[in-house]
Number of protein chains: 2
Amino acid sequence: MPKQAPPRLDLTAAPCCAPLTQRRVPTETAAALAPAFKALGDPVRLQLMSMIASAEGGEACVCDLTPAFDLTGPTISHHLRVLREAGLVDAERRGTWVWYRARPGALRQLAALLAS
Amino acid sequence: MPKQAPPRLDLTAAPCCAPLTQRRVPTETAAALAPAFKALGDPVRLQLMSMIASAEGGEACVCDLTPAFDLTGPTISHHLRVLREAGLVDAERRGTWVWYRARPGALRQLAALLAS
DNA sequence: TCTCTGATTCGACGGATGTCGAGACAGGTA
DNA sequence: TACCTGTCTCGACATCCGTCGAATCAGAGA
């Protein structure tokens, strides 16, 4: 869990969501959603996102995420932070461990933009 | 139009497409699709993609794209090349102008991955 | 309180990225 | 042929990004 709530994007606040293919995405919408796509634009983060979103109970522990990659703890922590700051996931510390869960609506909004 | 066909990703060749939220995305799939998300992870490219995909006739001329941004020609050309190499668009020169069109199936595949 | 473990932050490094100006290339047109 | 216009390539620059080791912080338990 971050020491203080990090500057987090609220994707649902984006001027929203007509499909990309329907009309030109306004500048503000592009600026609001591009960071989320950027966050998914790394293979490790794409897998992290998938592991979190598909985890049973809807949440995944960092202690399960880290050993799934050939990367150090700090690096995984960095990628999780990027996902957090992009508004894609939320983190919660419970006792010793930190749990991540997908932010409801975030993926849906991105999917809606790409939908035809 | 690129001088020679650039190394272009074939998104449809990616081990494909169960939603992110359903099961963990395999490493190869993540490696194949992350570049496409990365390409959309820039506000300018997101708008370019939208302008191309939503253009009437399904294609847009560079000569219409460039003046829509406060950027130089080379910079727009660079962004279009990134979209091309990510497998999201195709380019074709017809006479003086170069036309870009959305690559069918590319956006659909990304949307499918994000779908819940 | 002290110690141990899990997770984050910090600082550093090499490599990638966005932007531009200058120059090259492709097609029209005279 | 020569010239003009539209587009791309090249080289340079500052900035950002992915990764690591070391240090720090947060809880749990002795």
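This is a predicted model, so every value here is computed, not measured. All values below were derived from every heavy atom in this structure, side-chain atoms included, with hydrogens, water molecules and symmetry-related copies excluded.
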For this session: Would you please test A:Thr27 and B:Gln47 for side chain to side chain contact (heavy atoms under 4.5 Å, CB included) and show each step?
Result: CA-CA 7 Å; A:Thr27 305; B:Gln47 284 190 88; 3.4 Å; yes
Scan nucleotides 18-20 of chain C against the protein and return all N/O pairs shorter than 3.5 Å with their distances rounded to 0.1 Å.
unit_1 : atom_1 : unit_2  : atom_2 : d
C:dG18 : OP1    : B:Arg45 : NH1    : 3.2
C:dG18 : OP1    : B:Arg45 : NH2    : 3.0
C:dG18 : OP2    : B:Arg45 : NH1    : 3.2
C:dG18 : OP2    : B:His78 : NE2    : 3.3
C:dT19 : OP2    : B:His79 : NE2    : 2.3
C:dC20 : OP2    : B:Thr72 : N      : 3.0
C:dC20 : OP2    : B:Thr72 : OG1    : 3.1
C:dC20 : OP2    : B:Thr75 : OG1    : 2.7

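- Judged by the 6.0 Å and 45° rule, A:Arg24 forms a cation-pi pair with B:Phe69.
- Per the geometry, CH2 belonging to A:Trp99 stands 13 Å off P belonging to C:dT8, to the nearest Å.
- In this structure, A:Phe69 atom CZ and D:dG18 atom C1' are separated by 14 Å, rounded to whole Å.
- Using a distance-only test at 3.5 Å, with no hydrogens or angles considered, a donor-acceptor pair links the side chain of B:Arg93 to the main chain of B:Gly95.
- Taking atom CG of B:Leu80 as the reference point, atom C1' of D:dG6 lies 13 Å away to the nearest angstrom.
- Across all non-hydrogen atoms, the minimal contact from A:Leu88 to A:Met49 is O-CE, 3.6 Å.
- In the set D:dG6, C:dA7, C:dT8, C:dT8 carries the atom at the smallest distance from any side-chain atom of A:Ser77.
- With values rounded to the nearest 0.5 angstrom, A:Thr29 atom OG1 is found 8.0 Å from A:Leu113 atom CG.
- Rounded to whole Å, the distance from CG on B:Leu65 to C1' on D:dT7 is 12 Å.
- Between B:Arg103 and B:Asp90, at least one side-chain N (NZ, or NE/NH1/NH2) sits under 4.0 Å from a carboxylate O, which counts as a salt bridge.
- Rounded to an integer number of Å, the gap from CZ of B:Arg81 to P of D:dC10 is 7 Å.
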Exercise. Would B:Ser54 and A:Thr21 count as a side chain to side chain contact (heavy atoms under 4.5 Å, CB included) if you check the C-alpha gap in whole Å, the side-chain angles of each, and the deciding distance to 0.1 Å?
Worked result: CA-CA 4 Å; B:Ser54 68; A:Thr21 55; 5.5 Å; no
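- Remark: C1' of D:dT5 and CZ of B:Arg93 are 10 Å apart, rounded to the nearest angstrom.
- If you take CZ of B:Arg84 and P of D:dC8, they are 7 Å apart, rounded to a whole angstrom.
- If you take CD of A:Glu92 and P of D:dG27, they are 12 Å apart, rounded to a whole angstrom.
- The side chain of B:Thr96 places no N or O atom within less than 4.0 Å of a non-bridging phosphate oxygen (OP1 or OP2) of C:dG27.
- The phosphate of C:dA7 has neither OP1 nor OP2 within less than 4.0 Å of any side-chain N or O from A:Tyr100.
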